[in-house]
Amino acid sequence: MSEILKVQDLSVELQQKHILSDVNFSLYSGEILGLVGPSGCGKTTLLNAIAGFVDFTKGQVIIDGVTISSSHSVPAEKRNVGVIFQDYALFPHLTVKKNIAFGISKLAKQKQQQRIDELLTLLKLTEQEQQYPHQLSGGQQQRVAIARALAVRPSILLLDEPFSNIDTRLRNSLMIELRALLKSLNISAIFVTHNKDEVFSFADKIALIHQGNIIQYGTPRAVFDQPKSWHVADFLQIGSWLPITRNGDKISTALGEITTIENTNINEQQQVILVKPQYLTLSSAAPNCVVKHVSFTEQGYHYTLSSINQDDDLSFDELSFYSDTLLTIEQKISVILEPHEYQLFLKPCHQ
Amino acid sequence: MISRVKYPVWSATSWLIALALMTPIAVMFFSGIAANSDTFLHLWRTVLPDYVLNTVLLAVYVVVLVILFGVPSAALISLTNLKTRGVLRWLLLLPLAMPAYVIAYLYTDLFDYAGPIQRYLRALFSWQSPADYWFFDLRTLTGAAVMIALVLFPYVYMLTRTAFEYQDQQLVKAARSLGLSSRQCFFKVTLPLARPAIAISASFVLMETLADFATVQYFAVNTLTTAIYDTWLEYGELSTANALASILMVMVLLTVAAEYRARAHQRHQSKNKQTSKVRISLTTRQHIIGGIYCWFLVIAGFLLPFILLVDMAVQYFEQTSLAGLWHAGLNSLEVSIYVATVATLIAVLLGLYRRLSGVKNCAIPLQISGFGYAVPGTVLAMAMLATFGPLDHWLNDVAKWLEVPMPGLLLSGSLFAIIFALVTRFAAIANGTIASGLTKIPKSLDQAPASLGVSKWQSILTVHLPLLKSSIMVAWLLVFVEAMKELPAVLVLRPFNFDTLSTQVYQMISDERLEQGAIGALFIVLFGLLPIIVLNKKE
C-alpha cells in the first residue's frame, strides 16, 4: 500500500488558541481512518487543515506527493481532497444530477454524463436524478454528497461526522454500505466522529485526539486491547475503573487482592485498573457490591455497581457488569474479578 | 487561523466604498463643528434654542404617540381573539406607504376653517365666524406630531407584534401557573419581554422624525431640518447650514448610541415561534373598543387619505399636467433605478466580502456603509454640498489652468450627488436584506465548492449569487421604493429644473394645490405599498 497522506508536526492556532499541536500520522491508499475524541479536541480542525479550510501555523501535510506547509500553502480547490460535510452541503438550487456534476464542469459533456451515470448507479440514485435535495431522505442526501465528492476523483475523502444526521435505526446499514463502497473503490478516507461504536465498525485505524494531540493511533483491535492511557480507555468506554492500593507486593482492590500487574514500576497514588465487564462474575461469597442501576441490553442485564464500603481508597461507584441473572436495585451481591492480564492506569486528579 | 481569501483588490474595494460613503458626512461634520464660533453664537442667541426645542418636542410627542398607537394594536392583533384581526394584521401596515406631508395636506384641507368639516358644522349650528366656536388647529407642532405618528406607528406595531408572537409561551404558562391573571400576565411578563422591540422601533421612529422635513415645513414648525433647508436655499449660508446639520447629526448619534446601549445586554426573544398560543378572549365591549381603535388607525393613517387622494385625482384629472407628471415620473424612475442598483451591488460586494474573506475586521466596511441610514436626508444633502462643492471648484480651476472647457458643477450639481446621497442613506436597507439572505446559506456551502476543485469566484457565481437571488431582488425593490419616496435630499440637491414625483408633490403642497399633483402622490403611495406586500409575503 502506498502512502497517500502524511501529516507531520502539524500545529494550528485559532484566535490565539492552540487547537492542534504537533500532530503526526500517515494514511495509506484504501485505508479508512477514524478521528475520535471529545467535543472541542480538535478533530474537525484537523480535517479542515487537511482540506485547506484552515491555515496551519507549523508543520506540513503531504497529499499524494504534494507538500503543503505554512510557507507553501495550496488553496482548498487545488488539493484534490473530497469532503462530506456534516450537513452534506448540497446545493439546494441544483438537482441531484447538477450537484454531482458541480465539480466536473470542465470535463467534456460526454465524459461528465458517463461519470454521473456511473455514480448514480453505484449509489442507487438513478430515480432521484432530477430531484432537488429537499425532496430526498437523509440517507439519499448523504449518497448524493458522496457521489458529488467522488465525481472529482479525490485523492482522499474527508467525512465530518457523516452519520450524525442519520436515524439511529438506519445508521448501521448505511455505515456498512459506505464502508463497502469506499473499499470497492479503494478510496482513502478520514472521518470524524465522537461515537465510539461508529469508529469501531467503520475504521481500519483509529486516532484518538485529546487536547489537540493524537494520544493513540492504531487498529481498533489494538486500541481496544491495549489502550495507552486513562483518556483513551475512558473515552472509548472500554471498561470501568477499579481503584487499587499497594503494600509492598500486595495489591488490594475492593473486589479482593490481585497478583500480577503490568507497569509495576508505577507507584503514585490514584492508581486504577481497567476492568472489562467480561472479567467480572457473580459469586456466592460475602457481598462486596450494591446494585445501583439496572438496564436491559442485547447482552443481558447491564448493572452499574458501587462498593459497599464507600469510605476508603478502594471504593468505587460505577462498575459496569453484565449478567443474565435479574438483580434488584440496592441488592447486595458478591462479584469477583477473574484473573487476567491487568492494565494499570493513572487516573487524572480532576476526574 | 481560518483560511483567508487572498483577494487584496476585493478587500481594498470594500474598504474604499465604505469610506467613500462616509467621507461626505465626515467632511460636513468637521466643517460644521469647525465653523466660525460667531456663527454658533449668533445662532444660539437667535433661533437655535427654538429650533432645538421644537425638534426635541416633536420627537417626544411622536414617540409617545407611536407607542400609544403601535403597542395596543400589536397586542390586540397578536394576543387576543379580536374580530377582523386577520385583515387588520396587514391593514395596520398600510399607513407606512403614506408620506406624512401628504396626509398633513389632506387633513389640513379637511379640517381647516374653509374645509368641509368646519363648513358643515357652521351650517349645522349657524355659526358665523371663528369667534363663535372653538376648533382645533392642525397646523401646530402637536398637529405635525400626530400626522407623523399616524404614518410611522406601523414600525412600532410591526416589531412589537413580532416580539409578542415570538415570545416563549412557556413563560406565560409559568406565570399563569403561579396565579397571575391574563391581564397581569400581559403587564408583568408579555409587555416587559417586548420592551427591546418597542425601544428599537421607537428609536427608529425617532430617527425618521428627526429627518422629517416636509411635514414640519408645511405646518411652519421650525425644526432643525427646516432651518438647514432655509439657511442654505433661502440665505445661501453653507457654513451655518453645515453647523445646524452637525447639531442634528449629534442628536441622531445620541439617539443611536442610547438605543444601542439600552439593548446591549438584552436577550428577550425566543428563537422558537410558539404557534399553539392561547389567545385572550375579549368581552363584547372589549371587542368593540379594540375594533374601533384598530380601525381608526387604519382609516386615519391610510384609508381616508387614500380615498381623498383618489377623489382629488379623479376630480382634478383635467387640470393635471400629465406631461409634467410623466417627466417627474421618469426622473424618479431613473434616480431610483440607479440608487437601487448601486446600493444592491455594494451590499452584495460587502456582504460576500464579510462572509467569505475570513479576514479580521472584515465586517467593518459593511457596518460603516450602513451608518448613513441614521443620517437625515437634509444633513446628507449638506454633506454632499460640503464635499462635492469644493471638489467641483477645484475641478473647474484645474480645467481653467489646463485651458479646457470647464465642467461646471459636475458632481454637486448633477444626478451624481443625489444618487450618492441616496445610496449612502439606503445602503443599510440593502445590506440588511443581503445579510439576512446570506445567513440562510449554510457555512458548509462556502467550503463545498472548494472541496470539489471550484474556485472562490466560480463558487460565488454558481452557488452564492443564485441562492441570494430573491434577497437581491427584495433588496433592490426596497431601496427602489425608498429612493422613490425620499424628498429632502433630492429637494436640496436636484439640478435646476429637475423634478421627481416627490419634489413635484411637495411643490404642489407648498403652493396649496396638491389637487393637481394628486396622481403623482397616488403613485408614491402605490409604490410605497410594494415593500409592505413583500413583507407580508415573506411572513
Side-chain angles (χ1 to χ4, degrees), chain A residues 12-17 19 44-45 47-57 68 70 73-94 98-107 133 145 147-160, chain B residues 1-11 271 348 351-364 433-434 436-475 538:
Chain A
V12 174
E13 273 183 26
L14 291 175
Q15 291 157 344
Q16 278 93 47
K17 266 192 198 159
I19 306 295
T44 298
T45 306
L47 222 59
N48 283 335
I50 296 166
F53 302 139
V54 164
D55 291 335
F56 31 91
T57 38
I68 302 157
S70 52
S73 188
V74 174
E77 64 268 24
K78 302 224 165 101
R79 293 193 183 192
N80 200 25
V81 171
V83 182
I84 309 290
F85 295 87
Q86 195 174 354
D87 61 356
Y88 310 134
L90 296 179
F91 304 120
H93 59 305
L94 302 180
K98 286 185 177 164
N99 260 286
I100 297 172
F102 191 86
I104 50 171
S105 58
K106 284 177 188 158
L107 291 184
R148 186 180 69 176
L150 294 182
V152 293
R153 304 262 160 97
S155 305
I156 324 164
L157 193 61
L158 307 179
L159 304 99
D160 189 5
Chain B
M1 70 198 96
I2 300 292
S3 191
R4 292 168 181 175
V5 177
K6 278 104 187 163
Y7 296 117
V9 178
W10 193 6
S11 173
K271 280 181 181 169
V348 171
L352 284 173
Y353 173 68
R354 178 196 177 178
R355 165 83 177 222
L356 299 174
S357 73
V359 176
K360 203 178 166 189
N361 299 331
C362 60
I364 294 177
T433 314
I434 299 296
S436 142
L438 279 168
T439 56
K440 290 184 191 124
I441 302 176
K443 282 271 180 198
S444 56
L445 289 194
D446 299 347
Q447 298 174 336
S451 76
L452 298 165
V454 172
S455 73
K456 207 68 137 183
W457 294 115
Q458 194 66 22
S459 86
I460 289 171
L461 287 176
T462 51
V463 177
H464 294 90
L465 291 182
L467 289 176
L468 274 178
K469 204 163 61 186
S470 68
S471 299
I472 290 172
M473 276 161 63
V474 172
K538 270 183 123 181

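Lettering follows sequence order; numbering is per chain, from 1.
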(message) If I take atom NZ from residue B:Lys440 and atom CG from residue B:Leu468, how far apart are they, to the nearest 0.5 angstrom?
(response) 10.0 Å
(message) Return the OG1 to NE2 distance between B:Thr462 and A:His93, rounded to the nearest 0.5 Å.
(response) 6.5 Å
Using heavy-atom distances under 4.5 Å, tell me whether [X] contacts chain B through its side chain, its backbone, both, or neither.
{"X": "A:Leu94", "value": "neither"}
{"X": "A:Phe102", "value": "both"}
{"X": "A:Arg79", "value": "neither"}
{"X": "A:Val81", "value": "backbone"}

(request) For B:Val463 and B:Pro449, work out which heavy atoms get closest and say how close. (result) CG2-CG, 4.0 Å
(request) Determine the minimum heavy-atom distance between A:Ile68 and A:Ser73, stating which atoms define it. (result) CG2-CA, 4.1 Å
(message) Under the rule for ring-ring contact (aromatic ring centres under 6.0 Å, His included), what residues qualify as partners of A:Tyr88, not counting sequence neighbours?
(response) none
(message) I need the residue from A:Lys78, A:Glu77, A:Arg148 with the largest number of non-hydrogen atom pairs under 4.5 Å to chain B.
(response)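 The candidate making the most pairs under 4.5 Å is A:Glu77.
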